[in-house]
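One structure is given here, and the rest of the page talks about it.
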Amino acid sequence: MLDLRKLVLLREIDAHGSIAAAAQSLSYSRSAVSQQITALEREVGTPLLERTNRSVALTEAARVLVTRTETVLAELEAAETEIGKTAGTPSGALRIGVSLNHGPPLLARALVQVQRRCPRLRITLQGVAAGEGRQAVRLGQLDLVLAFRYDQVPEPRLPGLLEIPLGSDPIRVAVAADHPLAGTGPRRLAEFAGERWILRPASTFGRLTLHACHVAGFEPDAAAEIDDLQAALGLVAPGWAVSLLPDLVPSRPEFPVARIPLADQQLHRHIAIVVRRGAARAPAIEAVVAEVQAQITEQPARG
């Protein structure tokens, strides 16, 4: 029978793209990981890695093993979940990843309610970059992450994960409260072609902004390359620039802005909780999902 620990090492190499990065993530030496993979190649009787000076690529046989490993790990975690349900009230640790630029307002009240109902459960939050949360859950570094998707900027779905949809919110143009177009109803995005924009091209939300502006026929003038939507409010309010803004990003009284619907494009942010498939039925995760869904439903619509 194949050694599951070696298979997990192969999966880490697949996730990180190199033996060195996989070793670092596991606090192993590079040579130790190489030796284990070499031993696994002897066990299966075929090469598993195509090595170059700087990186490695998985062979077809290795990809079969990684796919099967995902299934085995999911089944083992599902078994742990079933056993855990016999304990009654959720307890232990729950590590939640959240993009600090997008997520805390959606999670804060929900997690307070879960913590009150489950005092034996220790919930900790960890800030993650928007593109890193799903992989961290897949590799067991987090138990769940609040994640976002946009139809216009597709992202690959990782094996072994389940995305539980929570809803979606429309994306509008945020402008200063005294902007000439504030309060005038839906507008075409091209009408903002002459504005300065807040966007970070390397981020997913930045790519969405670029896509929307290109569809409207113009190249946005980036006046602030940030990916913090709360910080964007602070720059939009005094008239420094305009920004796209999802509806569920809460307003701040000290930074009044107007949100203008788009007349020519349908942009939405899809919100999901991402968990490993084997852990989806865990009582602690089910409690968080239910409470976050309730909080999103109760959010007032933005004008």
Does the side-chain contact (heavy atoms from CB on, under 4.5 Å) test come out yes or no for Arg11 and Leu139, once each step is laid out?
-> CA-CA 9 Å; Arg11 175 173 170 261; Leu139 298 179; 4.2 Å; yes

Lys/Arg N to Asp/Glu carboxylate O, Glu163 vs Arg134, below 4.0 Å = yes

Can we say Asp247 and Arg269 salt-bridge, meaning some charged N sits less than 4.0 Å from an Asp/Glu carboxylate O?
-> no

Between the main-chain N or O of Gly92 and the side-chain N or O of Arg122, is there a donor-acceptor pair closer than 3.5 Å?
->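 Checked: no pair found.
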
Just by modelled atom types, is the Ala74 backbone N or O under 3.5 Å from a matching donor or acceptor in the Arg276 side chain?
-> no

Between [Y] and [X], is there a side-chain heavy-atom distance shorter than 4.5 Å?
X	Y	result
Arg95	Asp143	yes
Ile171	Leu208	yes
Leu245	Arg172	no
Leu10	Val66	yes
Glu291	Gln115	no
Leu162	Val274	no
Ile96	Leu142	no
Val114	Val292	no

Considering non-hydrogen atoms only, spot the tightest contact between [X] and [Y] and give its length.
X	Y	answer
Thr59	Pro47	OG1-O, 3.0 Å
Ala212	Gln265	O-NE2, 2.9 Å
Ile285	Ala280	CG2-O, 4.1 Å
Leu229	Pro246	CD1-CD, 3.7 Å

Step by step, would you call Val173 with Leu244 a side-chain contact (heavy atoms from CB on, under 4.5 Å)?
-> CA-CA 5 Å; Val173 181; Leu244 292 183; 3.9 Å; yes

With a 6.0 Å cut-off (strictly less than), is the heavy-atom count around [atom1] of [X], excluding the residue itself, greater than 12?
X	atom1	answer
Arg68	CZ	no
Gln113	CD	yes
Tyr28	OH	no
Glu60	CD	no

Apply side-chain contact (heavy atoms from CB on, under 4.5 Å) to the pair Leu262 and Leu267, showing each step before the final yes or no.
-> CA-CA 8 Å; Leu262 292 174; Leu267 303 178; 3.7 Å; yes

side-chain contact (heavy atoms from CB on, under 4.5 Å) assessment of His214 paired with Leu210 | CA-CA 6 Å; His214 292 165; Leu210 286 173; 4.3 Å; yes

If a pair satisfies side-chain hydrogen bond (donor to acceptor under 3.5 Å, both in side chains) and one of its residues is in residues 34-46, list it, with sequence neighbours excluded.
-> Lys6-Glu43

Pairs satisfying salt bridge (Lys or Arg N to Asp or Glu O under 4.0 Å), at least one member in residues 184-199, at least two apart = Arg187-Glu191

Look at the rings of Phe192 and Trp197 and say which category their plane angle falls in: under 30° parallel, 30 to 60° tilted, over 60° perpendicular.
-> perpendicular

At what distance, to the nearest 0.5 angstrom, does CD1 of Ile271 lie from CG of Leu248?
->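 One finds 5.0 Å between CD1 of Ile271 and CG of Leu248.
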
With sequence neighbours excluded, what pairs up with His211 under the side chain to side chain contact (heavy atoms under 4.5 Å, CB included) test?
-> Gln152, Val215

